[in-house]
Chemist: 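Got a structure for you, questions after.
Lettering follows sequence order; numbering is per chain, from 1. All values derive from a computational prediction rather than experimental measurement.
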Protein chains: 2
Amino acid sequence: MTKNNPSARDRIVAGAADMISRRGLNATSIRETAKHARAPLGSTYHYFPEGKQQLVTEAVRFTGEWTARSLRKELQAGPVAGLRAFLALWRKIVVESDFRAGCPVLAVSIEEPPTDETSAALAAAADVFTTWENLLADSLREHGVEPDQAAQLATLIVAAVEGTVAMCRAKHSTQPLDHTAEQLQALILATIKG
Amino acid sequence: MTKNNPSARDRIVAGAADMISRRGLNATSIRETAKHARAPLGSTYHYFPEGKQQLVTEAVRFTGEWTARSLRKELQAGPVAGLRAFLALWRKIVVESDFRAGCPVLAVSIEEPPTDETSAALAAAADVFTTWENLLADSLREHGVEPDQAAQLATLIVAAVEGTVAMCRAKHSTQPLDHTAEQLQALILATIKG
DNA sequence: AGTAGAATATGACAATTGTTATAGCCACAG
DNA sequence: CTGTGGCTATAACAATTGTCATATTCTACT
């Protein structure tokens, strides 16, 4: 069998995503992710033979898919509902971690890989952002927004939410999220009706 | 004399800001910042007796003030001009670094300090964000925007730009910046006139 | 029961980290 | 000339890093 106990591997990935979202990419060590997932260090290199790069890449994809699932589901009730779910998702992470956790995809995006090679993790982060943008853009188009407008607005939403989460962490306050929520919601409504 | 050669100290701070903006907080070592600034390691601890925490805090403040100066100047020509300058500033950094550098303030915001103590660097990052927001909000108010609206929109602008810069790095493309620029500019114009 | 292969345990490797200590240099004051 | 103090050089420290190698346990199928 290739995977006897899938939950062990998954626990490592989810734990890595959580740790990256708190301490950043480089401060997240394989040893601590293993400890955090109650898995032995030896197992980590068994599950992820390509090492940290592979683990990080999977952690990014994991977060991306987990978020995309929620977004896809809530967008069925329209773009504003999708936005609200997106915001609520990150607000929950920020608040429940006492402003210590954020988005691991963002964290991976802003830490240059030590080597000059193109990083698989960075490419995964780009894919995740694009996926989120496309989900939002498609929903906007379904509600009558011009294709170009929809793509632009979708980018703005993703970027603003990511930036806002980081600002909340720095300020130890959810006020930035409140501000951004209000502005984005009004903007979506205006764009749909316009 | 307290400072014989001020440029040495300043070079270390500016270099630290640059390195943090590329590799993140934890991957930026004192040794390498010293090397990057052509300053000896011993000098770094001479100039920054409180160690890395102090150096990082000053790097954040340095970036904050440097950006605020540009913002303050360009905002004299109105909020849209200010936005354009703000975007151009970060676009330059992203493009000229070949998508390897971003905003050090954001980087510091998303890396939890190892200790549980409240980090001086994180507080500095919060201050910088607030400063930028206030500059934008004041300009919006001067152009007839309601105070609450102005604060909300200012938060959105800062958050969106920070998030967009990170997305550009992941995607190795300036398209996110183009999208965000278009949307934010239209939003400011609509808000002023509305 | 026996055995292949997955999973774990353990230890080592060179490299790098923040920080401190100690000694030396060099300019300028008296 | 003497020496005071800002700056530099160098070495060392314990801790941690990613990674690899090896040995051992466990699991599942024949």
Chemist: Could you give the side-chain donor-acceptor pairs of residues 67-78 of chain A under 3.5 Å, partners two or more places apart or in another chain?
Modeler:
residue: A/Thr67; atom: OG1; partner: A/Thr63; partner atom: O; Å: 2.9

Chemist: Within this structure, what is the NE2-to-C1' distance between A/His46 and C/dA7, rounded to whole angstrom?
Modeler: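 Those two atoms, NE2 and C1', are 5 Å apart.
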Chemist: What residues in residues 48-62 of chain B put a non-hydrogen atom under 4.0 Å from any atom of DNA chain D?
Modeler: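 Close to the strand, none.
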Chemist: Expressed as a whole number of angstroms, how long is the span from B/Ile30:CD1 to C/dT20:C1'?
Modeler: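 Result: 13 Å.
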Chemist: How large an angle, rounded to 10°, do the end axes of the helix from C/dA1-D/dT30 to C/dA23-D/dT8 enclose when each is built from five base pairs?
Modeler: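 Rounded value for the end-axis angle: 10°.
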Chemist: When all nucleic acid strands are considered with a 4.0 Å heavy-atom cut-off, which category describes A/Thr44: base, sugar-phosphate, or nothing?
Modeler: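 Since no nucleic acid heavy atom lies under 4.0 Å of A/Thr44, the category is nothing.
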Chemist: Rounded to whole Å, how long is the line connecting atom OH of B/Tyr45 with atom P of C/dG18?
Modeler: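 These atoms are roughly 6 Å apart.
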Chemist: Pull out every protein N or O sitting under 3.5 Å from an N or O of nucleotides 10-16 of chain C, one pair per line with the distance.
Modeler:
residue: C/dA12; atom: N6; partner: A/Arg31; partner atom: NH2; Å: 3.0

Chemist: Under 3.5 Å, which donor-acceptor pairs do the side chains of residues 119-129 of chain A form with other protein atoms, sequence neighbours left out?
Modeler:
residue: A/Ser119; atom: OG; partner: A/Gln53; partner atom: OE1; Å: 3.1
residue: A/Ser119; atom: OG; partner: A/Ala121; partner atom: N; Å: 3.1
residue: A/Ser119; atom: OG; partner: A/Leu122; partner atom: N; Å: 3.0

Chemist: Given atom CZ of B/Arg9 and atom P of D/dT8, what is their separation to the nearest angstrom?
Modeler: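 From B/Arg9 CZ to D/dT8 P: 13 Å.
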Chemist: Of A/Ser43 and B/Asn26, whose closest DNA chain C nucleotide lies nearer the 5' terminus?
Modeler: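 In this pair, the answer is A/Ser43.
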Chemist: Applying side chain to side chain contact (heavy atoms under 4.5 Å, CB included), name anything that partners B/Ala27, two or more places apart in sequence or on another chain.
Modeler: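 Only A/Asn26, B/Arg23 meet the side chain to side chain contact (heavy atoms under 4.5 Å, CB included) criterion with B/Ala27.
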